[in-house]
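Keep in mind that the numbers below use all heavy atoms, side chains included, and drop hydrogens, waters and symmetry copies. These numbers come from a predicted model, not from an experiment.
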Amino acid sequence: MVPFSEILLTVAEALRTAVLVSGLVVIMMMLIESFNVESRGRAFAPLRKSGFVQVLSSALLGSLPGCVGGFAVVSLYTHRMLSFGALLAMMIATVGDESFMMLAMFPGKAAVLFIVLFFLGVVTGLLVDRFGKGGRQLPTRLEDTYDIHEEDGHQHDGDSPEGRSRHFGWKRAVMFLGVGLFLAALLSGWLEEDDGAADAGLSLFDEEWLFWLFGALSLVVVGALVFASDHFVEEHLWEHIVCRHLPSIFAWTFGVLLAVGVLFRFVDLQAWISDNMTLMVLLAILVGLIPESGPHLVFVTLFAGGVIPFDVLLANSIVQDGHASLPLIADSKSAFFKAKALKVGIALVVFLVRGLIL
């Protein structure tokens with residue numbers, strides 16, 4: 001029986017990570033919303049015009065260490081600004097927070113892995129958009145876009161004052177307080193993992209640079225909350241992001257992380273892997289289905305120690321996507337499961353082809 005203290009630790013760690021992931025996603029969404037409105041929709045116009053640009057940009061964002069690029073791609077996808085192939089390209093190219101450990105433990109081989117995943121993601125994304133049935137249909141819970149309203153951008157004399165009015169109402173105050181608390185939590189270290197959580201395998205890695213980056217981005221959001229019009233704050237930020245996105249993102253993220261945390265309190269995955277080498281690839285793929293950073297670190301450490309071959313690490317890396325797909329579960333479960341199923345097939349094909357060649 002698991003001690004009650006262990007259960008509390010698991011719940012606390014899941015809650016901490018859920019707050020962190022939800023906060024990062026919401027900050028990213030608010031910034032994208034701001035850029036889209038300020039540019040009158042021109043900021044993301046190139047994405048709509050070219051499927052190749054969508055796939056290439058998504059794969060590049062996915063290749064960035066950590067989950068920041070993945071969060072941006074998921075946000076754009078769920079708002080119908082990227083194709084499913086572009087989403088899939090990101091999900092193949094990214095390895096989440098494990099990328100930091102790979103770069104620290106075997107930088108040369110990690111670079112090779114990232115390049116292979118990038119090109120595999122681009123090729124797969126283009127093929128899915130070109131030949132896949134419904135490849136450009138974007139099934140999401142909200143079925144909405146980053147809309148431009150008539151009230152946005154009225155800055156000329158004689159225009160309706162609705163788009164320019166600004167007062168410090170309760171909605172603006174609540175968001176200002178929320179972003180301020182999240183910023184304080186980031187910079188104070190409250191959202192950083194502790195050693196005990198890291199050993200348990202359910203945590204983000206120590207990414208101090210990421211916290212400072214999002215601290216700076218949070219200040220940009222604070223500026224928008226101070227100077228933006230009532231319409232933008234209440235319609236775009238409050239109604240669209242806080243009310244429609246944030247609750248489901250947090251609930252699903254916390255639920256998934258808690259379930260994974262409880263599972264790994266009962267299962268010694270690393271010991272099981274070491275004793276069943278013949279099932280290594282299948283297990284690497286199975287673990288890759290978990291939408292969370294942490295469990296995949298087992299394969300990183302085993303590869304660094306020479307216990308498993310590159311093929312096993314590659315199979316796990318193709319299927320896994322760190323925390324990047326957590327917000328996708330909230331808004332488009334069908335896209336999440338479809339992408340994961342395709343990635344499993346791709347991992348098996350790549351493994352079999354490499355086996356035949358070598």
Closest heavy-atom pair and its distance - [X], [Y]:
X	Y	value
A324	G70	CB-CA, 3.8 Å
F299	I308	O-CD1, 3.4 Å
D129	A86	OD2-N, 4.0 Å
A315	A347	O-CB, 3.9 Å
L87	A335	CD2-CB, 4.3 Å

Spell out, yes or no, whether [X] and [Y] are grouped together once hydrophobic residues are joined by side-chain heavy atoms under 4.5 Å, including indirect joins.
X	Y	value
F351	L286	yes
L177	V226	no
V174	L181	no

In Å and rounded to the nearest 0.5 Å, what is the [atom1] to [atom2] distance from [X] to [Y]?
X	Y	atom1	atom2	answer
T124	L88	OG1	CG	6.0 Å
I92	F119	CD1	CZ	14.0 Å
L289	N316	CG	CG	9.5 Å
E235	I241	CD	CD1	12.5 Å
L348	L282	CG	CG	7.0 Å
S325	M90	OG	CE	7.5 Å

Derivation of the side-chain contact (heavy atoms from CB on, under 4.5 Å) call for L328 and M91: CA-CA 11 Å; L328 183 64; M91 292 178 69; 4.1 Å; yes
Within-4.5 Å side-chain heavy-atom neighbours: [X] and [Y]:
X	Y	value
S317	M102	yes
L117	V95	yes
V350	L120	yes
E98	Q320	yes
R172	W238	no
F336	P291	yes
L313	F106	yes
S58	L82	yes

Does the [X] side chain pair with the main chain of [Y], one donor and one acceptor, at a distance under 3.5 Å?
X	Y	result
S57	V53	yes
S75	F71	no
R130	G125	no
Q54	S83	yes
S22	A18	yes
S99	G96	yes

The criterion is side chain to side chain contact (heavy atoms under 4.5 Å, CB included); which residues satisfy it with [X], sequence neighbours excluded?
X	result
L126	F52, V55, V122
F310	L113, F303, L314, R354
V349	V353
L60	L56, F118

Could you list all the salt bridge (Lys or Arg N to Asp or Glu O under 4.0 Å) pairs where at least one residue sits in residues 340-351, not counting sequence neighbours? D321-K340, D321-K343
Under the salt bridge (Lys or Arg N to Asp or Glu O under 4.0 Å) test, residues paired with E239 that sit two or more places apart: K171
I would like to know whether L225 and L237 meet side-chain contact (heavy atoms from CB on, under 4.5 Å); could you show each step before the answer? CA-CA 9 Å; L225 290 172; L237 299 187; 3.8 Å; yes
Step by step, work out the side-chain contact (heavy atoms from CB on, under 4.5 Å) result for F254 and V11. CA-CA 9 Å; F254 177 69; V11 172; 4.2 Å; yes
Please report the C-alpha distance between I290 and V287 in whole Å, then the side-chain angles of each, then the deciding distance to 0.1 Å, and finally whether the side-chain contact (heavy atoms from CB on, under 4.5 Å) criterion is met. CA-CA 6 Å; I290 300 172; V287 174; 4.2 Å; yes
